[in-house]
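Ligands are counted one by one from 1 in listed order, and the atoms in each one are counted from 1 as well. The basis for the numbers below is simple: all heavy atoms, side chains too, and nothing from hydrogens, waters or symmetry mates.
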Amino acid sequence: MGGLRRLEYRGYDSGGVALVGDGTLISAKKAGKLLNLDAELAERPLPVAHTGIGHTRWATHGAPNDVNAHPHLDETGRIAVVHNGIIENFAVLRAELEATGHELVSETDTETVAHLLHDELERTADLSDAVRAVCRRLEGAFTLVICDADHPDVVVGARRNSPLVVGRGDGENFLGSDVAAFIEFTRDAVELGQDQVVTITPDDIVVTDFFGAPAATKEYHVDWDVSAAEKGGYDWFMLKEIAEQPQAVADTLLGRHSQGGQLQLDEMRLSDGELRDVDRIVIIACGTASYAGLVAKYAIEHWTRIPCEVELASEFRYRDPILDKSTLVVAISQSGETMDTLMAIRYARQQKARVLSICNTNGSTIPRESDAVIYTHAGPEIAVASTKGFLSQIVACYLLALYLAQVKGTKYGDEIASIIAEIDKTPAGIQRMLDEGDQVRKLATELAGSRSILFLGRHVGFPVALEGALKLKELAYIHAEGFAAGELKHGPIALVERGLPVFVVVPPKGRDQLQEKTVSSIQEIRARGALTIVLAEDGDEDVVPYADHLIRLPKVPTILQPLVATVPLQIFAAEFANQLGNDVDQPRNLAKSVTVE
Ligand code: AGP
């Protein structure tokens, strides 16, 4: 159950287990969070066994109830299957099974696999062969993990488009959607490729393709341990991850630059020549990662003069985008498994574009399918709401932009060194925002009855506003929207009414008049009754008369401001949700890795 609990962040509509021992298979499953399964197992304990599988579900086919929970069994109850992904041809398979007399009890696509396996195992006694034969019939995305009462020491897994990793132990081996499942027992992992079947026994790991030919695998050592996947004294993972941000940012920067500011990105498998040829950058990502991409656009265009677009991965390939080998596609993903982003990458590579991914999860699919990768090294992010993932993605984007500036010669070495020196100071600035978090927590307590909150920003403050609003939407389930402050007067200002809380991120003072224009926006909304919560740098006295609440930010260059300005918005959303009694780590309807399109 420990492993399953550490995977619960991936989906929490239901949980289930199946164990094999003494020639029988026993299973238990329950809708809702794992606590419900715990209660069921306390009432009806399962026997001790050494072979078993478990699942936490994010529902796609069929409501999140007990019957649709995994594992799914064949009619004889000897085979148990858990599945992530979507089997696209399941309706045809189901009709075929029903026509041959099978009775399916759930509405899921997964159950078809258990029945297909039953039929295959009448043709072959080898479980792995049967799994391969069934996989050859399936379309769509799937990770399958299977056990069978007649093969008590064997678990078979298969993957296409969905994640599955192997843990190599001593006299025991493991499978998991990510390494958190088995980190308590081993940090030695084996990456599986696309369309592979893995058979584990206590002493062996055998990997083949779907036709039984031996397949190459890659082994790696996980650079964090079980304590990183525990709450460590915090009430919520999200609070721990917010607090870890100074370290996460420092770890993203670690070893990437020399004293003289010369940048080295070890995982950059594109040559300097190839990078010099890049004449356009397209960033693809989803949700929070796409907001990191919006910040990156400002940095990339400002420092490298390479035109840069940011596009939601789910939209990208459907508009026939213009790509060629001089286009660098940058895919940003904390999990490395987001299906929309993965499909966009595959499309981009088919069009001959080069793909560089920025990712936090070693061994995940997106970096494996990219031409180059910059890992963020932020450590595991468990809370569904991304926090340290976001800040470390932004830092990795800065590093990429500066690396391109270095290669293309659009910035002198000493300029790059001085920007890097400023980035190096940001962990201290982030720490200060954490230390001053009580002001924001108090504010969240006061505003916890609000049903609508707006967030405004300009320049890189605009993606910060979008991120502040997304955090609040996903955790507090209220109306929250981020706007470019200059856009307000073109429509959204109609939303402003007496008492409406509006956060405004004020850019540092500079030659561009952005600060002055943002102060004007604050005046405009305040004149219409808004309750203004202003985030402005130390020493900015212009905002004081118009701020109902003033959150001070350390002085940093404009482009780096998201690293400090986002932190109070994260703390606010977490505390707001806490006040409402919501589950801060596992908000309703969501899953951490969205592995379906
Ligand atoms: C953020 O709080 C979200 N839960 C979500 O928007 C997330 O950032 C998005 O699904 C992308 O995930 P990825 O970075 O793992 O690809």
Side-chain angles (χ1 to χ4, degrees), residues 9-12 58 84 161-163 177-178 180 236-239 241-242 245 248 252 283-296 310-316 330-345 355 357-370 373-376 378-397 455 463-464 466-477 480 482 566-567 569-574 576-577 582-597:
Y9 73 98
R10 302 180 72 96
Y12 30 85
W58 185 73
N84 288 341
N161 291 337
S162 292
S177 289
D178 72 44
W236 301 105
F237 277 108
M238 184 180 175
L239 300 182
E241 289 157 9
I242 290 173
Q245 291 183 113
T252 308
I283 298 178
I284 49 173
C286 302
T288 289
S290 75
Y291 303 151
L294 287 175
V295 175
V310 186
E311 176 118 19
L312 293 173
S314 54
E315 290 293 319
F316 174 69
V330 176
I332 307 175
S333 173
Q334 187 285 130
S335 63
E337 300 293 352
T338 301
M339 186 60 78
D340 289 317
T341 310
L342 178 61
M343 290 302 164
I345 289 175
V355 176
S357 58
I358 289 176
C359 184
N360 192 38
T361 313
N362 202 323
S364 58
T365 311
I366 285 175
R368 238 188 1 252
E369 296 204 13
S370 304
V373 48
I374 300 176
Y375 281 110
T376 47
E381 191 179 66
I382 311 280
V384 166
S386 185
T387 53
K388 64 176 179 173
F390 181 59
L391 293 202
S392 60
Q393 283 162 353
I394 293 174
V395 171
C397 289
F455 294 78
V464 172
L466 294 172
E467 174 63 2
L470 179 62
K471 288 286 92 88
L472 204 55
K473 269 182 246 192
E474 64 182 338
L475 297 177
Y477 323 144
T566 307
V567 179
L569 306 187
Q570 298 167 336
I571 297 172
F572 179 80
F576 196 105
N582 293 355
D583 188 322
V584 173
D585 286 337
Q586 297 177 347
R588 70 182 183 198
N589 302 337
L590 293 170
K592 180 71 177 163
S593 309
V594 186
T595 52
V596 293
E597 265 190 286

_Closest protein heavy atom to atom 16 (O) of ligand 1, given as residue, atom name and distance to 0.1 Å_ = T338 OG1, 2.5 Å
_Could you check whether any side-chain N or O of Y477 sits under 3.5 Å from a backbone N or O of N582, counting only pairs where one atom can act as donor and the other as acceptor?_
no
*For S386 and ligand 1, does the shortest N/O to N/O distance drop below 3.5 Å?*
yes
*Does some non-hydrogen atom of S593 fall short of 4.0 Å from ligand 1?*
no
*For S335, check side-chain contact (heavy atoms from CB on, under 4.5 Å) against everything at least two apart and list the hits.*
S333, E337, T338, S593
*Return the residue, atom name and 0.1 Å-rounded distance of the protein heavy atom closest to atom 11 (C) of ligand 1.*
C286 O, 3.3 Å
_Any K471 heavy atom less than 4.0 Å from ligand 1_ = yes
*asked:* If you define the side chain from C-beta out and look only at heavy atoms, does anything of C397 sit under 4.5 Å from I332?
replied: yes
*Scan V355, I358, T341, V373 and name whichever one has a side chain to side chain contact (heavy atoms under 4.5 Å, CB included) with I366.*
T341
*asked:* Out of V594, I358, T288, who is nearest to atom 1 (C) of ligand 1 when you count heavy atoms only?
replied: T288
_Interfacing atoms of ligand 1 (cut-off 4.0 Å, heavy-atom, A289)_ = 8 (O), 14 (O)
*How far apart are the C-alpha atoms of Q393 and T376, what are their side-chain angles, what is the distance that settles it, and do they pass the side chain to side chain donor-acceptor pair (under 3.5 Å) test?*
CA-CA 6 Å; Q393 283 162 353; T376 47; over 6 Å; no
*With sequence neighbours excluded, tell me which residues meet side-chain contact (heavy atoms from CB on, under 4.5 Å) with E315.*
E311, L312
*asked:* Please check: side-chain N/O of Q570 versus main-chain N/O of I242, any donor-acceptor pairing under 3.5 Å?
replied: no
*Going by the order shown, which atoms of ligand 1 are within less than 4.0 Å of some heavy atom of A385?*
2 (O)
_Checking a contact table here: which protein heavy atom is nearest atom 15 (O) of ligand 1, and how many Å away?_
S335 OG, 2.7 Å
*So which protein heavy atom does atom 14 (O) of ligand 1 come closest to, and at what separation?*
Q334 N, 2.6 Å
*For E474 and ligand 1, does the shortest N/O to N/O distance drop below 3.5 Å?*
yes
*Would you say Q334's side chain and G389's backbone share a donor-acceptor pair under 3.5 angstrom?*
no
*Considering only heavy atoms of S333, which atoms of ligand 1 have at least one such atom less than 4.0 Å away?*
13 (P), 14 (O), 15 (O), 16 (O)
*If you measure every N/O of V384 against every N/O of ligand 1, is any gap under 3.5 Å?*
yes
*Is there a side-chain contact between F455 and L472 (heavy atoms, below 4.5 Å)?*
yes
*Considering the heavy atoms of G287, write down every atom of ligand 1 situated less than 4.0 Å from one of them.*
6 (O)
